[in-house]
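Letters A, B, ... mirror the listed sequences (proteins, then strands); counts begin at 1. Treat the numbers as computed from the prediction; the structure is a model and nothing was measured.
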Amino acid sequence: MIMTVTRFAPSPTGYLHIGGLRTALFSWLTAQHNQGKFLLRIEDTDMARNSQEATDAILQAFEWVGMHHDEEVIYQSKRFALYQTYIDQLLAQGKAYKCYMSKEELSLLRETQMANKERTRYDGRYRDFTGQPPEGIAPVIRIKAPKDGTITFIDGVKGEINILASEVDDFVIARADGAPTYNFVVAIDDALMGLTQVIRGDDHLYNTPKQIVVYKALGFELPQFNHVAMINNEQGKKLSKRDGATDVMDYKAMGYLPQALLNFLIRLGWSHGDQEIFSLEEMIRLFDPKNINKSSSNYNLDKLLWLNAHYIKEASDTSLITLLKDFGVDLSQNNKASALLTATRERGKTLIELASQINLILQAPTAYDAKSSKKAFKGEAKEILNTFADMLSLTRPTTQASFHAVMEKIVEEKSIGFGKIGMPLRVSLMGSMTGSGLDEIMYILGVEETISRIERAIKWIEERDV
RNA sequence: GACCCUUUCAUCUAGUGGCCAAGGAUAUUACGUUUUCAACGUAAAAACAGAGGUUCAAAUCCUUUAGGGGUCGCCA
């Protein structure tokens, strides 16, 4: 039994993209499911574009979602000597050759082909060249691709893919300065790392026949290829920064839980019957790349929001208290923390919303919402509030139930509906007509603060009515 | 332009020739619950891209048209 090995191979040119995280998740789950290995490889052969900060940002994102890779991170930039031995080998075997075509000649060729409405490709003019090379041209190395026939492979997601050999030209494997190119090193690394499953975006579908040429030339065994369709925006167009957050870490900043993000992403292009909620264990147990959809999916925030709300509701008090610290709310020393979270946890779809719900209770209103105060602070409201405050200072309730008992008592004594006390009381305590249950709020505030807020409201009413 | 991939409610999807006059979820609307908002519950509305075939039978197989995406670098 061969151990399953998968990988994620980003190029460090920026942050980790939400689409990248999904393919990484699929790869990671495939490895976990089969008790295999998930490797990380940084594709930094283009020295001009990559940066250490980008690598760190990607690693940080993986850390946040809790997807850990096995073994050391592999940097392609440190493996140039290795790649060189394979270039030399192919050259010696006559499977690759030096091409002396200048960049000007190459672009002229492309323009001609474009004008003739052909697919642009290198014409192989140096493939069997034996003459005197032109002066002053540093050659590139090209690999000999098959001239005719079809390159076929079975994609784990899309099924059989056939690409005419005429579509694949003798592509460059080493630049004029000697640096190896992407399709060459990817094939070598994937083979050397022992990959059994390559899971990547289907924007790489056309790279696959090229990489197969390399595998064959070097005598490597082919892995199973799986090409996952892209994530588009809600209009079905390519996801861009204009469509909202594309950086994985933005989701942390917006108050999403990593579990919600992963649950959202796994359901984009993959499903297991009618199931919507997946714990990490279920994901690992149920995931199979065979069930990945062929078609692209559109990104829609609504479902992520719903999932996030779900995971906030499920979260323990202690984990929420920890998470909320990043959002300016520290309940670690608050002895009513548990009651606060019970009162607010269903009202926040994100940690940001949850934090603001909590602050709404903790901080006395600085103003009363115009519409709410007009509706609530009218008629005998002032008198009812007064009586209620008196009753509170007399009974001094300390539990949620005893606060509720006072509410019931005033309703009974004055023979009024709950709304007659509820509405003005709510606006007094919260500043508006929405929010958590009044019993809960009063219990959290305690009798002193409750009375103080009521008195402030009464004063406000008096000033208004002068 | 050439080549490749793809097409079920607004969105994510179930569906592999009969269990489908198409199921679930989100979003939407209504009602219930609630002092309020939310959460929750119940219900409603909502799709097989179009056209041709094959078959007793097609969302499912074939052909074709259209839409969307991708690739065509000495980028990755």
Side-chain angles (χ1 to χ4, degrees), chain A residues 9-13 43-46 48-50 76 99 101 103 106-107 110 113-122 138-142 155 157-159 161-164 166-169 171-183 185-186 201-209 227 229-230 232 234-238 264 267-277 293-307 309 313 344-349 353 357 372 376 407 411 417-427 430 432-439:
Chain A
S11 58
T13 51
E43 313 222 307
D44 52 355
T45 53
D46 184 1
R49 287 209 310 179
N50 52 57
Q76 290 186 323
C99 170
M101 201 171 179
K103 290 193 177 180
L106 199 55
S107 52
R110 289 206 182 100
Q113 287 169 331
M114 212 64 117
N116 291 338
K117 303 188 172 181
E118 293 167 17
R119 183 176 165 87
T120 56
R121 63 193 303 275
Y122 173 68
V140 298
I141 315 287
R142 290 183 180 272
D155 189 275
V157 174
K158 311 248 186 202
I161 305 288
N162 297 297
I163 288 164
L164 258 20
S166 59
E167 292 291 318
V168 181
D169 63 4
F171 59 96
V172 173
I173 59 171
R175 302 173 174 89
D177 65 3
T181 60
Y182 173 78
N183 281 118
V185 298
V186 166
D202 73 356
D203 48 342
H204 286 288
L205 198 62
Y206 246 89
N207 286 326
T208 307
H227 288 96
M230 304 277 92
N232 295 325
E234 206 158 349
Q235 288 73 42
K237 302 286 182 188
K238 193 174 178 175
F264 171 69
R267 285 288 289 102
L268 236 43
W270 180 86
S271 60
H272 182 259
D274 287 339
Q275 189 168 346
E276 296 288 346
I277 307 285
N293 286 171
K294 293 177 200 283
S295 55
S296 58
S297 36
N298 294 357
Y299 173 89
N300 177 276
L301 211 63
D302 286 336
K303 204 143 188 177
L304 173 58
L305 226 36
W306 173 73
L307 282 164
K313 274 183 263 174
T344 52
R345 147 196 271 128
E346 285 178 354
R347 268 162 256 268
K349 289 190 196 297
E353 287 179 15
Q357 287 294 326
S372 303
M407 293 264 292
V411 164
F418 257 102
K420 283 274 188 234
I421 173 64
M423 278 200 290
L425 180 58
R426 174 172 298 284
V427 178
M430 305 284 285
S432 82
M433 267 198 315
T434 64
S436 312
L438 289 168
D439 308 340

task = Nearest-nucleotide wise, let me know which of A:Asp202 and A:Arg347 is further upstream toward the 5' end of RNA chain B.
result = A:Arg347
request  = Using a cut-off of 6.0 Å, state whether more than 12 heavy atoms not belonging to A:Lys420 lie near its atom NZ.
outcome  = no
ask   = Is there a side-chain polar atom (N or O) of A:Asn298 under 4.0 Å from OP1 or OP2 of B:rC12?
value = yes
ask   = How many Å lie between NZ on A:Lys303 and P on B:rA10, as a whole number?
value = 15 Å
task = Check A:Asn298 against A:Leu268 and note the closest heavy-atom contact, atom names and distance.
result = O-CD1, 4.2 Å
request  = With a 3.5 angstrom cut-off on both distances, give the Watson-Crick or G-U wobble partner of B:rA57, or none if there isn't one.
outcome  = none
query = If each of A:Asp203 and A:Val172 is mapped to the nucleotide of RNA chain B with the nearest heavy atom, which maps nearer the 5' terminus, i.e. the 5' end?
reply = A:Asp203
ask   = Does A:Ser297 place a side-chain N or O at less than 4.0 Å from the phosphate oxygens OP1/OP2 of B:rU13?
value = yes
Euclidean distance, atom CZ of residue A:Arg345 to atom C1' of B:rC40 [Å, nearest integer] = 16 Å
Mate of B:rA22 where both pairing distances stay under 3.5 Å, Watson-Crick or G-U = none
ask   = If you check the A:Lys103 side chain, which of B:rC74, B:rG69, B:rA76 turns out closest?
value = B:rC74
query = If you measure from the P atom in B:rC4 to the same atom in B:rA45, how many Å do you get, rounded?
reply = 44 Å
ask   = Would you say A:Asp169's side chain and A:Tyr122's backbone share a donor-acceptor pair under 3.5 angstrom?
value = yes
query = Expressed in whole Å, how much space separates the C1' atoms belonging to B:rU33 and B:rU60?
reply = 44 Å
Counterpart base for B:rU63, defined by Watson-Crick or G-U wobble contacts under 3.5 Å = B:rA51
key: B:rG73 phosphate, OP1 or OP2, under 4.0 Å from A:Thr120 side-chain N/O   = yes
ask   = When the P atoms of B:rG24 and B:rG68 are considered, how many whole Å apart are they?
value = 32 Å
key: Spacing between A:Glu346 atom CD and B:rU34 atom P, to the nearest angstrom   = 16 Å
ask   = Which nucleotide, in any strand shown, forms a Watson-Crick or G-U wobble pair with B:rA44, with both distances under 3.5 Å?
value = B:rU28
